Amino acid sequence: MASRARSTVIVAIAVVIAITAVVALTMHKTPTATKIAAPTNAVMSNTVAITNYKFAPDTITVKTGTTVTWTNNDEVHHSVTADTKSDAAPTSPLFAKGETYSFKFTKAGSYTYHCEPHPYMHGTVVVTD
């Protein structure tokens with residue numbers, strides 16, 4: 001009888017160890033990484049809104065040869081003025097609410113700009129090949 005009791009205890013301990021191992025593995029399972037595909041309808045933006053004294057988005061990326069258009073939605077006049085003057089960078093006159101300014105980027109690079117009357121307004125156009 002003692003042998004039978006000992007065998008029962010050993011089996012019970014083995015079952016408890018097995019159950020504990022299964023629970024531990026389940027609780028500490030490493031999550032599998034899920035790859036999220038980029039949307040197939042993604043497009044690069046070539047428009048910038050001027051709203052509430054901000055360029056939105058403040059940074060855009062376009063391909064060489066792209067024309068970018070800024071639209072003034074504020075009640076005051078704004079400009080798009082290149083931080084570094086060159087023929088490859090935009091420099092607009094002041095334009096009013098509802099008006100637009102467009103510039104074609106023909107050289108790759110990063111073009112930073114600001115609003116002349118509101119120099120705290122900044123934006124960047126990154127042009128890639």
Side-chain angles (χ1 to χ4, degrees):
M1 215 41 153
S3 167
R4 182 179 251 183
R6 196 175 313 139
S7 294
T8 304
V9 170
I10 291 173
V11 169
I13 291 172
V15 169
V16 168
I17 290 171
I19 291 171
T20 303
V22 169
V23 170
L25 286 173
T26 305
M27 291 176 59
H28 298 291
K29 186 176 179 182
T30 304
T32 305
T34 303
K35 196 173 198 177
I36 299 173
T40 55
N41 62 347
V43 293
M44 292 181 7
S45 176
N46 65 336
T47 60
V48 177
I50 302 172
T51 306
N52 296 323
Y53 294 85
K54 292 179 183 171
F55 296 108
D58 61 354
T59 301
I60 63 170
T61 301
V62 298
K63 297 272 188 198
T64 303
T66 300
T67 299
V68 174
T69 301
W70 289 262
T71 302
N72 185 355
N73 297 312
D74 284 341
E75 297 293 330
V76 300
H77 287 76
H78 289 294
S79 73
V80 175
T81 305
D83 291 344
T84 303
K85 306 280 189 235
S86 81
D87 291 341
T91 298
S92 76
L94 291 174
F95 55 105
K97 181 176 183 169
E99 294 181 333
T100 62
Y101 168 72
S102 296
F103 183 83
K104 184 175 184 176
F105 288 88
T106 58
K107 290 184 182 179
S110 183
Y111 300 91
T112 57
Y113 61 90
H114 63 277
C115 175
E116 196 66 38
H118 312 103
Y120 52 87
M121 294 173 58
H122 295 277
T124 304
V125 176
V126 177
V127 182
T128 62
D129 285 327

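Side-chain atoms are counted along with the backbone in the values below, which use heavy atoms only and exclude waters and symmetry mates. Nothing here was measured: the structure is a model prediction, and the numbers come from that model.
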Peer 1: When you compare the side chain of Val68 with that of Pro90, does any pair of heavy atoms fall below 4.5 Å?
Peer 2: no
Peer 1: How far apart are the closest heavy atoms of Ala88 and Lys107, and which atoms are they?
Peer 2: CB-CD, 4.0 Å
Peer 1: Do the side chain of Thr91 and the main chain of Thr81 share a donor and acceptor less than 3.5 angstrom apart?
Peer 2: no
Peer 1: Donor-acceptor check, side chain of Ser92 to backbone of Val80, threshold 3.5 angstrom: yes or no?
Peer 2: yes
Peer 1: Heavy atoms only: give me the nearest Glu116-Ser79 pair and the separation to one decimal.
Peer 2: N-OG, 2.8 Å
Peer 1: Shortest non-hydrogen contact from Ala108 to Thr64?
Peer 2: N-OG1, 4.0 Å
Peer 1: Nearest 0.5 Å, what's the OH-OG distance between Tyr111 and Ser86?
Peer 2: 6.0 Å
Peer 1: How would you list, by chain and number, every residue that makes a salt bridge (charged side-chain N to carboxylate O under 4.0 Å, His left out) with Lys97, sequence neighbours excluded?
Peer 2: Glu75
Peer 1: Does the side chain of His122 pick up a donor-acceptor pair with the side chain of Asp58 at under 3.5 Å?
Peer 2: no
Peer 1: Could you work out, with side-chain contact (heavy atoms from CB on, under 4.5 Å) as the rule, every residue matching His118, not counting sequence neighbours?
Peer 2: Tyr53, Val76, His78, Cys115, Tyr120, Met121
Peer 1: Roughly how far, to the nearest 0.5 Å, is the CZ atom of Phe55 from the CD1 atom of Ile50?
Peer 2: 5.0 Å
Peer 1: Heavy atoms only: give me the nearest Thr128-Thr61 pair and the separation to one decimal.
Peer 2: CG2-CG2, 4.1 Å
Peer 1: Give, for atom CG of Asn72 and atom OG1 of Thr100, the distance between the pair rounded to the nearest 0.5 Å.
Peer 2: 10.0 Å
Peer 1: Are Tyr113 and Leu94 joined in one hydrophobic group, where the rule is that I, L, V, M, F, W and Y side chains link up if heavy atoms are under 4.5 Å apart?
Peer 2: no
Peer 1: Which value, rounded to the nearest 0.5 Å, describes the distance between Lys104 atom NZ and Thr69 atom OG1?
Peer 2: 12.5 Å
Peer 1: Could you grab the distance from atom CH2 of Trp70 to atom OG1 of Thr47, nearest 0.5 Å is fine?
Peer 2: 10.5 Å
Peer 1: How long is the span from the OG1 atom in Thr71 to the OH atom in Tyr101, to the nearest 0.5 Å?
Peer 2: 13.0 Å
Peer 1: Which heavy atom in Thr51 sits nearest to a heavy atom in Asn73, and how many Å separate them?
Peer 2: OG1-ND2, 3.1 Å
Peer 1: If you look at every heavy atom in His114 and Ala82, which pair is closest and at what distance?
Peer 2: CE1-O, 4.0 Å
